[in-house]
Amino acid sequence: MAKAAVQAGGSYTTYKRTGIKGRFSTRFGNFMIYFICGLLAVIALLPFLYIVAGSFATERELTERAFFILPHEISMNAYKYIVKTGTVFNGLKNSIFLTVVGTFINMAFTTTFAYPLSKKDFRGKDVILNIIIVTMLFSGGMIPSYMLIRNLKMIDTYWALTIPGAINAFNMIIVKKFFQGLPEELEESARIDGASDWKIFIKIALPLSKPVMASISLFYAVGHWNDYFGSMIYLNTGKKFTIQLVLRQIVLMAQGIQSDGSMIDWGNVGAPPDQAVKMAATVVATVPILLVYPFIQKHFAKGVMVGSVKG
């Protein structure tokens, strides 16, 4: 390399200095990138750590300390209160069922709708795509949607929370884009071997689409798990309430206890603090969906890059 530098009209000393300078600037640039990303990660993580710590804190500590990561005195009153109400586990069961079934319905409809639209020889796909884009810009509104659900007799059923939103237009377009990037030679070779469209879709397209399937499934699952407004409108029976509605009731009851002081006899432990119950409810509603991410992290990191590079 030194000889090449001399032949090009430079000197080895100049080449060496330039190389050292280039390596230093690269290392410094990488350090700044990692430092900024780490700082942003800490800023995003601190509020959640405060909520977790606050859920174990006493009412006095929450009042006196504006921010803390470790409480001085650990109190389980908030979690005892949440468990003692007896509805948390039923709400978790309902939310898990709704999330699993709803995500399966979403992915079944999304993939089967996106795959035909990804084919070049599919007639009328441009018209269908334009109709889909219109639904992204305009909607019927809350009252017409409720009247439709009522006329379909889906009030107080989980169908009201899964069927109307079975296909998200934006997610469908992302899946369609991924299907378009699959090698056409695989489909041609499968057709030569006598494979049908369904067999190509199930045996070839879906196994090769694990990254986008993982990322879109996570988006759908988080949407179902965090759905609060739809559950509040369409569900009337307490046994069918999701964890979001259950935690809302618990927080409202905790506020009533704090103001009245005599709704539930807590003995020596005392009534749970209002703020701690809110934080404990946040932890209970957040942790289960966070536990899903490590299992799909490998595919999710690839799936979020779908459509970011053209060509």
Side-chain angles (χ1 to χ4, degrees), residues 87 90-119 122-179 212-213 215-252 281-282 285-286 288-289 292 303-304 306-307:
T87 57
N90 184 65
L92 286 173
K93 181 188 69 174
N94 294 336
S95 289
I96 292 173
F97 173 79
L98 179 63
T99 300
V100 173
V101 175
T103 303
F104 176 80
I105 293 175
N106 290 139
M107 295 307 300
F109 278 88
T110 300
T111 53
T112 53
F113 193 31
Y115 184 72
L117 294 178
S118 65
K119 301 304 175 184
F122 182 75
R123 295 182 179 179
K125 70 174 184 178
D126 294 334
V127 177
I128 297 176
L129 286 174
N130 290 331
I131 296 175
I132 294 172
I133 294 174
V134 170
T135 63
M136 297 174 62
L137 302 176
F138 305 98
S139 63
M142 182 179 67
I143 296 178
S145 299
Y146 181 85
M147 294 176 63
L148 177 63
I149 297 299
R150 184 189 61 185
N151 294 335
L152 293 175
K153 301 186 183 303
M154 291 194 299
I155 296 295
D156 201 25
T157 65
Y158 291 140
W159 297 117
L161 304 178
T162 55
I163 298 300
I167 298 178
N168 181 280
F170 182 76
N171 292 339
M172 192 279 299
I173 292 176
I174 293 178
V175 176
K176 167 185 167 295
K177 179 67 176 178
F178 188 89
F179 283 149
V212 70
M213 294 280 286
S215 57
I216 299 301
S217 297
L218 182 62
F219 294 153
Y220 278 130
V222 172
H224 285 294
W225 184 268
N226 293 332
D227 183 31
Y228 163 75
F229 190 70
S231 301
M232 185 178 63
I233 293 177
Y234 298 124
L235 297 181
N236 300 324
T237 305
K239 293 182 179 180
K240 297 180 181 179
F241 282 179
T242 60
I243 187 62
Q244 308 299 335
L245 293 180
V246 170
L247 294 177
R248 173 180 175 271
Q249 290 182 331
I250 291 174
V251 170
L252 293 178
T282 303
T286 305
I289 198 67
V292 179
V304 294
V306 174

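Hydrogens, waters and symmetry mates are skipped; everything else that's a heavy atom, side chains included, is used.
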Check against side chain to side chain contact (heavy atoms under 4.5 Å, CB included), T162 and H224: CA-CA 8 Å; T162 55; H224 285 294; 4.3 Å; yes

Residue pair T110, Y220: steps toward the side chain to side chain contact (heavy atoms under 4.5 Å, CB included) verdict: CA-CA 11 Å; T110 300; Y220 278 130; 2.9 Å; yes

Residues F104, V100; criterion side chain to side chain contact (heavy atoms under 4.5 Å, CB included); working and verdict: CA-CA 6 Å; F104 176 80; V100 173; 5.7 Å; no

Working for side chain to side chain contact (heavy atoms under 4.5 Å, CB included), residues M107 and I216: CA-CA 8 Å; M107 295 307 300; I216 299 301; 3.8 Å; yes

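In this structure the side chain of L245 reaches within 4.5 angstrom of the side chain of Y228, judged on heavy atoms. In this structure, the side chains of V246 and N90 stay at 4.5 Å or more apart for every pair of heavy atoms. In this structure the side chain of Y158 never reaches within 4.5 angstrom of the side chain of V101, judged on heavy atoms. Side-chain contact check for P288 versus I96: every heavy-atom pair is 4.5 Å or farther apart. You'll find the side chain of I243 reaches within 4.5 Å of the side chain of W225, heavy atoms only.
In this structure, the separation between CE on M154 and OH on Y234 is 8.5 Å, given to the nearest 0.5 Å. Here CG of D126 is found 11.5 Å from CD1 of I131. Values are rounded to the nearest 0.5 Å. Separation of atoms CE (M142) and CD1 (I233) is listed at 5.5 Å; rounding is to 0.5 Å. The structure places CD1 of I149 at 9.0 Å from CD1 of I163, a figure rounded to the nearest 0.5 Å. Between I133 atom CD1 and I128 atom CD1 the span is 12.5 Å, to the nearest 0.5 Å. In this structure, the separation between CG on L235 and CZ on F241 is 7.0 Å, given to the nearest 0.5 Å.
Heavy-atom contacts from other residues, nucleotides or ligands closer than 6.0 Å to CE of M232 number more than 12. Within a 6.0 Å radius of CG in L137, other residues, nucleotides and ligands contribute more than 12 heavy atoms. For F122, the CZ atom sits in a packed shell: over 12 heavy atoms of surrounding residues, nucleotides or ligands are nearer than 6.0 Å.
L247 approaches A285 most closely through the heavy-atom pair CD1-CB, 3.5 Å. Here the closest heavy-atom approach between residue S118 and residue K176 is recorded as CB-O, 3.7 Å. Between M172 and I167 the shortest heavy-atom distance is CB-CG2, 4.0 Å. Closest approach of S145 to G141, counting heavy atoms only: OG-O, 2.7 Å. Smallest separation of non-hydrogen atoms from T242 and S231: OG1-OG, 3.7 Å. Of all the heavy atoms in V212 and S215, the pair that sits closest is O-OG, 3.1 Å.
In this pair, Y115 and F179 present their aromatic rings perpendicular. The plane angle is above 60°, beyond the 30 to 60° band.
Judged purely by atom type and a 3.5 angstrom limit, N151 uses its side chain to pair as donor or acceptor with the backbone of M147. Panel note: side chain N106, backbone A166; a donor-acceptor pair is recorded below 3.5 Å.
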